[in-house]
Amino acid sequence: MFKALIVEKDEETGKTAAAVKEISEADLPRAEVTVAVEYSTVNYKDGLCIGPGGGLVRHYPHVPGIDFAGTVEESADDRYKPGDRVVLTGWRVGEAHWGGYAQKARVRADWLVPLPEGLDTRAAMAVGTAGLTAMLAVMALEDQGLEPGHGPVLVTGAAGGVGSVATAILAHLGHEVAAVTGRPEQEDYLKGLGASRIVPREDFAEPTRKPLESEQWSGCVDAVAGVMLGRVLKQMKYGSSVAAVGLAGGAAIEGALITPFILRGVNLLGIDSVMQPYQNRVRAWERIARDLPMDKLEAMVRPATLEDLPGLGADILKGQVRGRVVVDLSA
Ligand code: NDP
């Protein structure tokens, strides 16, 4: 028997409740590889899945946890053998399939990536889905020609998970990073990650009817969307790109016009970590091991246990979590 966070739904009231319970291997879904989970994390989607699911959870009872890292225990697939250290992100694990909030998980071999040299399972989850997405966003901006020295790169939702890792990676690569936050008390934290300056969230709070604003940013990693992305697009430099990863501030791009795309050739790049092909995931994890300073990563970590998850799930949906929550499954 082992511990798991189980979310159950009362079919009569439609209400869900999450609690730590003991389950057995026979309860796990059928798939090729059984992993002893060492660490998982709390992402925005986990907040949704710990609660009523927000349309993400297909079947109850459910084990959330959209990412995890651990050691292979059993494998019916030649690519993995017992003792291999692996990381999993995406593929709707923790949504349609039981995820990482359990001391064991059973998943398809195709969904796993071997841990790259230089990363242990805890560091991999300090990065997690949010950090992988930040790396994919930086790589997408580089593919469009972004290089250090081009001018300030904006990161929105900077004190959150994606924003923290994006800030640290970009600064480490030599970019000047302008970090947008609604939490002024996080200034020291963000400067510690390498941000050159802090931009208050209020600067982007109101939509503008202006077709364009003065050119300021050579690139942007946006985790917020909503009114903020509408304003950011109008401030991008000619030919620059925005890598949009999330919608913490709203599902629409509000107040935006077509003008930044036509008159300034701005590119809006959508980044999704969920269905990333194997080679892309391997490449991104290798870049993370190389380009993310581990001392900065440690500053982002808030440790947690399975028992902490119901409260943390609610906090992340309110935008109140700083950096990355790392859940220790051995605790
Ligand atoms: P976090 O909650 O850790 O961070 C989001 C940050 O956005 C907050 O910390 C806050 O930053 C800011 N924020 C929150 N609410 C608002 C608001 N109403 N207006 C403006 N800013 C706001 O989440 P993550 O970083 O893990 O994820 C961010 C987004 O990216 C989510 O929408 C998530 O679903 C998505 N995502 C997408 C992935 C993909 O593959 N595309 C993968 C991972 C996440 P501050 O306090 O600094 O202002």
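Values below: all heavy atoms of this structure, side chains included; hydrogens, waters and symmetry mates excluded. Positions are given from 1 along the sequence. Order of appearance sets the numbers: ligands from 1, and atoms from 1 within every ligand.
Note that the CE atom of Met135 and the OG atom of Ser273 stand 13.5 Å from one another [nearest 0.5 Å]. Put simply, CG on Leu88 and CZ on Arg108 are 11.5 Å apart, with the number rounded to the nearest 0.5 Å. Of the inter-residue distances, the one linking Asp120 atom CG with Met125 atom CE reads 11.0 Å to the nearest 0.5 angstrom. In this structure, the separation between CG on Asp110 and OH on Tyr278 is 10.0 Å, given to the nearest 0.5 Å. A distance of 11.5 Å separates CG of Asp143 from CG of Asn267, quoted to the nearest 0.5 Å.
Heavy atoms of Arg183 approach ligand 1 to within less than 4.0 angstrom.
Ranking the protein heavy atoms by distance from atom 30 (O) of ligand 1 puts Gly246 CA, 3.3 Å first. If you check which protein heavy atom lies closest to atom 2 (O) of ligand 1, you get Ile316 CG1, 3.5 Å. Nearest non-hydrogen protein atom to atom 10 (C) of ligand 1 is Arg201 NH2, 3.6 Å. For atom 4 (O) of ligand 1, the nearest protein heavy atom (residue, atom name, distance) is Gly160 CA, 3.3 Å. From the protein, the heavy atom lying nearest to atom 44 (C) of ligand 1 is Val162 CG2, 3.9 Å. Distance from atom 45 (P) of ligand 1 to its nearest protein heavy atom, with residue and atom name: Thr181 OG1, 3.3 Å.
For ligand 1, the atoms closer than 4.0 angstrom to any heavy atom of Ser273 are 39 (C), 40 (O), 42 (C). Using a 4.0 Å cut-off to heavy atoms of Ala159, the atoms of ligand 1 that qualify are 47 (O). Under a 4.0 Å criterion applied to the non-hydrogen atoms of Ala223, ligand 1 contributes the atoms 28 (C), 29 (C). The ligand atoms of ligand 1 that sit less than 4.0 angstrom from a heavy atom of Ile271 are 39 (C), 41 (N). Atoms of ligand 1 found under 4.0 Å from any heavy atom of Leu247 (numbered from 1 in listed order, with element): 32 (O). Under a 4.0 Å criterion applied to the non-hydrogen atoms of Tyr44, ligand 1 contributes the atoms 31 (C), 33 (C), 34 (O). Every atom of ligand 1 with a heavy atom of Gly157 under 4.0 Å away is listed here by number and element: 6 (C), 7 (O), 11 (O), 12 (C), 47 (O). Listed by atom number, the atoms of ligand 1 under 4.0 Å from Gly249 heavy atoms are 17 (C), 18 (N), 19 (N).
Looking at ligand 1, you won't find any N or O of Met228 less than 3.5 Å from one of its N or O atoms.
If you check the side chains of Thr89 and Asp67, you find no donor sitting under 3.5 Å from an acceptor. Checked by atom type, the side-chain pair Ser330/Asp328 shows a donor-acceptor distance below 3.5 Å. At a cut-off of 3.5 Å, with distance as the only test, a side-chain donor of Thr34 or Arg106 sits close to an acceptor on the other residue. Side chains of Glu38 and Thr121: a donor on one and an acceptor on the other come within 3.5 Å.
The option with the heavy atom closest to atom 36 (N) of ligand 1, from among Asp315, Val42, Val245, is Val245. When the heavy-atom distances from atom 3 (O) of ligand 1 to Gly161, Gly128, Ala248 are ranked, the shortest goes to Gly161.
Residue Thr133 touches ligand 1 through its side chain alone, judged by heavy-atom distances below 4.0 Å. Within the 4.0 Å heavy-atom criterion, neither part of Lys45 lies near ligand 1.
Of the candidates Leu193, Val221, Asp291, Leu170 forms a side-chain contact (heavy atoms from CB on, under 4.5 Å) with just one, namely Val221.
Electrostatic pairing of Glu95 and Lys45 counts as a salt bridge here, judged by a charged N lying under 4.0 Å from a carboxylate O.
Between Trp111 and Trp91, the angle of the ring planes stays under 30°, which puts this pair in the parallel group of the 30/60° scheme.
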